[in-house]
Amino acid sequence: MRNSEAGVWLTLILSCGSLGVLRADDLTLTDDARLTGVVRSINEAGVLELASALSPAPLLLKPGAVTKVEFSAPASESETPSVLIELTNGDVLPATVESLDDKTLNIGTTDAGRLTIPRAALKSMQFGVHKRKVVYTGPKNLTEWAHDGEGAKNWTFANKSLAANGPAYASKHFEVPRQFVLKFTLKWQANPSFRIYFADPLDSNADEVDRYYMQFNGAGLEIKRESTKGQHFQSVILSPRTPDEFPENRVDVEIRVDRKTSRIHLFLDGEPDAAGVDPVPEPPEGNGVTLVNSSPAGSTQEIRSIEIHEFDNSRARHRSENRGDPKTDSLISSDDERWGGSLTRIQKGADGAVFSFKSDFQEEPLELLEKDVSTIFFAQPDQKAAPASDHPFSLHLRDDGRLSVSSCVFAEDSIITRHPLLGDLKINRTGISALERTGSPPAAKKEE
């Protein structure tokens, strides 16, 4: 699509009713412009087909034009599976475990039906996972980011983001659990200067406050503790990542806050970056979030995709566990006992699935119920570097799963795709929350 054509289509807002379908999809383009319509397909060359009521023929968006597609939420939510299965390519699939032998694992999924996975494709399984409570997703407007009658100062709202051209301030109170995750995306022009306060009591009259904050500017990214006791400011996490290390002038930030253990984990663009411990004995009790831009006028700074939800330690536990010898299976029980050996089978029992694990130190295999199992790591005898992915798209599932795919065909109620380890898949469309381009778009062919 030429730039002039894109400019016309970016002004269009297509409604579900006018399209005669049940859902409308939001598309983010490479320049952060937005389109709304119904995605019909993405082929292996990366061309996306978009249905529009204002065009007799579908729009074809060139490879690389779209970075993310967000699908509207279903009218009702299904029950979340209690197991997260991680594959050897890093993909994650929520499921219920039915059976396992020496060659395959049989599972049930909410949106893709029953699947059989080769044992060689399994990396780990995490049990006892429950649905996270979502506290907030936004921003939705400027009005909601006002506290005690004091409105958002110098922020503007457009395209589902807060933007500022000069110093700006906004805050909002939430009902936040003691363990929570704060996520947001920062985008900037020139030199950014953001401060994001969290666990903030929002007491504007106090000279000293108990809270955390993240600052991001030309010197890098740091999470600090502000306290009314002892030293006023102390560093919790210091990341060396500076703005020039993010080539698109944007970064997805995820901060996992555990006020029970006084630990904070920082993720940047979906990858673990650093972790730290609060140096103050008592964690802050506030539940507010404050957004501050300190960059001078002349460049636009944005905050978007703000999310707050419950932090479930069990979801991240296997990332930090020492799995032991990678050439054998490893099992961690719910009461933190650890064994190395071989998971010989999983089968149905009177009280649920039964796990048979042959430990290196016992003659008879252990027999455990699923409720007594926390984590299983599968043997990875060949520690070879993973080949470069030829599946440049990531499907985000509503139950926090993700799957790498190369192409998709979208029907009104399903998505047909092919996965490098699972083969052909047909997934209920309501089970997909987003599709994101994770790899580079195909290089354009030179004309003869």
Side-chain angles (χ1 to χ4, degrees), residues 1-16 18-21 23-72 158-161 185 187-189 246-252 269-270 300 302 304-305 387-396 402-412 414-420 424-425 427 429 432-448:
M1 179 181 291
R2 296 189 300 270
N3 290 338
S4 60
E5 293 173 328
V8 174
W9 289 110
L10 296 183
T11 64
L12 303 179
I13 302 298
L14 310 178
S15 69
C16 293
S18 66
L19 290 169
V21 295
R23 50 191 301 133
D25 307 322
D26 292 326
L27 282 69
T28 302
L29 306 187
T30 51
D31 60 357
D32 274 343
R34 301 297 181 97
L35 279 173
T36 303
V38 176
V39 175
R40 292 303 188 192
S41 67
I42 298 177
N43 66 23
E44 294 186 0
V47 176
L48 185 144
E49 181 182 340
L50 182 70
S52 160
L54 303 183
S55 174
L59 300 175
L60 299 179
L61 303 182
K62 68 180 182 180
V66 178
T67 60
K68 189 173 184 179
V69 179
E70 297 175 88
F71 300 101
S72 57
N159 295 326
K160 298 183 180 180
S161 71
T185 297
K187 184 172 176 61
W188 60 90
Q189 295 176 348
F246 300 95
E248 296 183 356
N249 283 3
R250 62 175 289 162
V251 59
D252 296 327
D269 289 333
T300 300
E302 295 184 29
R304 63 174 50 164
S305 302
S389 175
D390 59 351
H391 295 74
F393 297 101
S394 177
L395 280 178
H396 295 257
R402 64 181 182 275
L403 295 173
S404 303
V405 298
S406 57
S407 62
C408 298
V409 176
F410 296 76
E412 186 168 317
S414 63
I415 294 176
I416 300 171
T417 188
R418 184 169 182 80
H419 187 270
D424 293 327
L425 296 175
I427 306 173
R429 188 161 174 155
I432 306 296
S433 62
L435 184 145
E436 189 168 11
R437 193 185 77 217
T438 56
S440 301
K445 294 183 179 179
K446 295 182 179 180
E447 296 183 3
E448 297 294 337

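The first residue of the sequence shown is numbered 1, and numbering continues consecutively from there. This is a predicted model, so every value here is computed, not measured.
Nearest heavy atoms, Leu29 versus Thr67: O-OG1, 3.9 Å. Of all the heavy atoms in Pro420 and Ser404, the pair that sits closest is CD-O, 3.4 Å. In this structure, Arg304 and Asn159 approach most closely via the heavy-atom pair NH2-O, 4.4 Å. Closest of all the heavy-atom pairs between Arg429 and Phe71 is NH2-CE2, 3.9 Å.
In this structure, the separation between NE2 on His419 and OG on Ser406 is 10.0 Å, given to the nearest 0.5 Å. Taken to the nearest 0.5 Å, the CD atom of Glu302 stands 11.5 Å off from the CH2 atom of Trp188.
Side chain of Asp269 to main chain of Asp252: a donor-acceptor pair is present (N/O by atom type, distance under 3.5 Å, no hydrogens or angles). With hydrogens and angles ignored, the 3.5 Å screen pairs a side-chain donor or acceptor of Ser433 with a backbone N or O of His396.
Side-chain contact between Val39 and Leu435: absent, with no pair of heavy atoms (C-beta onward) separated by less than 4.5 Å. Contact of the Leu61 side chain with the Leu27 side chain is registered, since non-hydrogen atoms from C-beta on lie closer than 4.5 Å. The side-chain heavy atoms of Arg40 and Pro58, taken from C-beta on, include no pair separated by under 4.5 Å. You'll find the side chain of Leu403 stays beyond 4.5 Å of the side chain of Thr417, heavy atoms only.
Ser41 and Glu49 share a side-chain donor-acceptor pair at under 3.5 Å.
Residues passing the side-chain hydrogen bond (donor to acceptor under 3.5 Å, both in side chains) test with Lys68, sequence neighbours excluded: none. Applying the side-chain hydrogen bond (donor to acceptor under 3.5 Å, both in side chains) rule to Glu70 yields no partners; only residues at least two apart in sequence or on another chain are considered.
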Test side chain to side chain contact (heavy atoms under 4.5 Å, CB included) on Ile415 and Val405; report intermediate values, then the result. CA-CA 11 Å; Ile415 294 176; Val405 298; over 6 Å; no

